[in-house]
Amino acid sequence: MTTAQDEDLLAGFEATLARHERIEPRDWMPERYRRTLVRQIAQHAHSEIIGMQPEGNWITRAPSLRRKAILLAKVQDEAGHGLYLYSACETLGTSRRELTEMLISGKQKYSSIFNYPTLSYADVGTIGWLVDGAAICNQVPLCRTSYGPYGRSMIRICKEESFHQRQGFELLATMMRGSDEQRAMVQESVDRFWWPALMMFGPPDAESPNTAQSMAWGIKRDTNDELRQKFVDMSVPQARALGVTLPDPDLVWNQERGHHDFAQPDWEEFAAVVAGGGPCNAQRVAHRREAHENGAWVREAAAAFAARQFPVAEEPAPASASKPPQEQEQERES
Ligand code: BYC
């Protein structure tokens, strides 16, 4: 049952959206808007964190110190993106602990792309070029998403993703100038990642249950198919510049539409991967769960330290509480 007050709140929310202003954490919002945001931002955060694994796989085997340093920095950036996004999600009232639990128990999803293995070093370049490329197509419009903390986190993330994409392209371009074996490695890697990259944008619009409402709320700014098309159009000239062939015989410029025509990925494979049956799903989640469990002592130590620094002051604070933390620490030690 809705009351006149509920209707006023809803009208205020809709007016904010109509003015293209942001919804902020303290603003009233419909419960379904909140839940949709938690779902999407959490999935996004989990993707960044799980996405560290396939590339992290090559840190110890990067072919030079320079490549190792670049890869380390990139994987570290992904951790940072995950943290901004978890923080954005926390402003909606779901804690990081709950989000992590939902990831490792399989209740929340992460991007299908990270359930594919990285079989050769060329995959590091291909992930940068195609996966970060797809991420940029999807995420640049999200800088204008209607929820303030999400949009603001996307601005910095997109800057770093653009840099990642360029480093991937540069790596592949270097390999393409190398030996026949290196060129073959790049082509084989692109053949494996092209279709999963197209799947990153989600199911076709006609089968996307969330798009219409998310567009109406300004959470999503473009549909899945619009972004997929943009990605294909962007990738074709880049593939030409690299000298690789995209593995789609139907890929052709359509003068009338002003876009490339292209074949659809295998949507049955997508459904299977999202349902947990991809080549690396079990491994990725098990690895994350193990890392989380191994980190228990760090969380306990941090909580114990915080409790000592900021005791929950039901009782009157001790006289030393007004002293600087360093002096308090000395008193406790003595
Ligand atoms: N994988 O109604 P739809 C990165 C799910 S990180 C798995 O179209 P929506 C990077 C979808 O959740 C990249 N699941 O949904 C990191 C929904 O299921 P539920 C991550 C997918 O939300 C490290 C169902 O299918 N980027 O770039 O309107 C290194 C129906 O879909 C996928 C983001 O998360 C998928 N690919 O649209 C390098 C961007 N696609 O939840 C790079 C933010 C769909 O109803 N997210 N599903 O059970 C979005 O823009 C949107 O959530 C999506 C899906 C376009 C992905």
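Since this is a predicted model, take the numbers as computed values, not measurements. Counting convention: from 1, in listed order, for ligands and their atoms alike.
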_Leu227, portion touching ligand 1 at heavy-atom distance under 4.0 Å_ = neither

*ligand 1 versus Phe201, non-hydrogen atoms closer than 4.0 Å: side chain, backbone, both, neither?*
backbone

*Determine yes or no for a side-chain-to-main-chain donor-acceptor pair under 3.5 angstrom, with Gln53 supplying the side chain and Arg284 the backbone.*
yes

_Test of understanding: given a 4.0 Å heavy-atom threshold, classify the contact between Ile113 and ligand 1 as side chain, backbone, both, or neither._
neither

*Measure the acute angle between the ring planes of Tyr84 and His81, then classify it against the limits of 30° and 60° as parallel, tilted or perpendicular.*
tilted

*N/O separation below 3.5 Å, Lys220 to ligand 1*: yes

*Quick one: does ligand 1 sit under 4.0 Å from the side chain of Ser112, the backbone, both or neither, non-hydrogen atoms only?*
both

_Per-residue contact class, Tyr110 against ligand 1 - non-hydrogen pairs under 4.0 Å_ = backbone

*Is there a protein heavy atom at a distance of less than 4.0 Å from atom 7 (C) of ligand 1?*
yes

*With distance as the sole test, does Ser87 use its side chain to make a donor-acceptor pair with the main-chain N or O of Leu83 at under 3.5 Å?*
yes

_Glu78 versus ligand 1: do any nitrogen or oxygen atoms come within less than 3.5 Å of each other?_
no

*Contact (N/O only, under 3.5 Å) between Ser47 and ligand 1*: no

*Pick one: which of Thr126, Asp132, Leu242, Thr174 meets side-chain contact (heavy atoms from CB on, under 4.5 Å) with Phe169?*
Leu242

*asked:* Quick check against the 3.5 Å criterion: does Asp233 have a side-chain atom that pairs as donor or acceptor with the backbone of Lys230?
replied: no

*asked:* Is the contact between His44 and ligand 1 made by the side chain, the backbone, both, or neither, using heavy atoms and a 4.0 Å cut-off?
replied: both

*asked:* Test your reading of the structure: does Lys74 have an N or O sitting under 3.5 Å from an N or O of ligand 1?
replied: no

*Give the contacting part of Asn138 toward ligand 1: side chain, backbone, both or neither, where contact means a heavy-atom distance below 4.0 Å.*
side chain

*Please determine if Asn210 has a nitrogen or oxygen closer than 3.5 Å to a nitrogen or oxygen of ligand 1.*
yes

*Please check if the side chain of Arg156 supplies one atom and the backbone of Lys159 the other of a donor-acceptor pair under 3.5 Å.*
no

*Hey, is the main chain of Ala134 close enough, under 3.5 Å, to the side chain of Glu161 for a donor-acceptor pair?*
no

*asked:* Is there a polar contact, in the sense of an N or O pair closer than 3.5 Å, between Ser208 and ligand 1?
replied: yes

*If the plane angle is over 60° it's perpendicular, under 30° parallel, otherwise tilted; pick one for Phe231 and Trp194.*
parallel

*Residue part near ligand 1, for His81, under 4.0 Å between non-hydrogen atoms*: neither

_Which segment of Met199 sits under 4.0 Å of ligand 1 when only heavy atoms are counted_ = backbone

*Would you mind listing which atoms of ligand 1 come within a distance below 4.0 Å of any non-hydrogen atom of Gln43?*
12 (O), 41 (O)

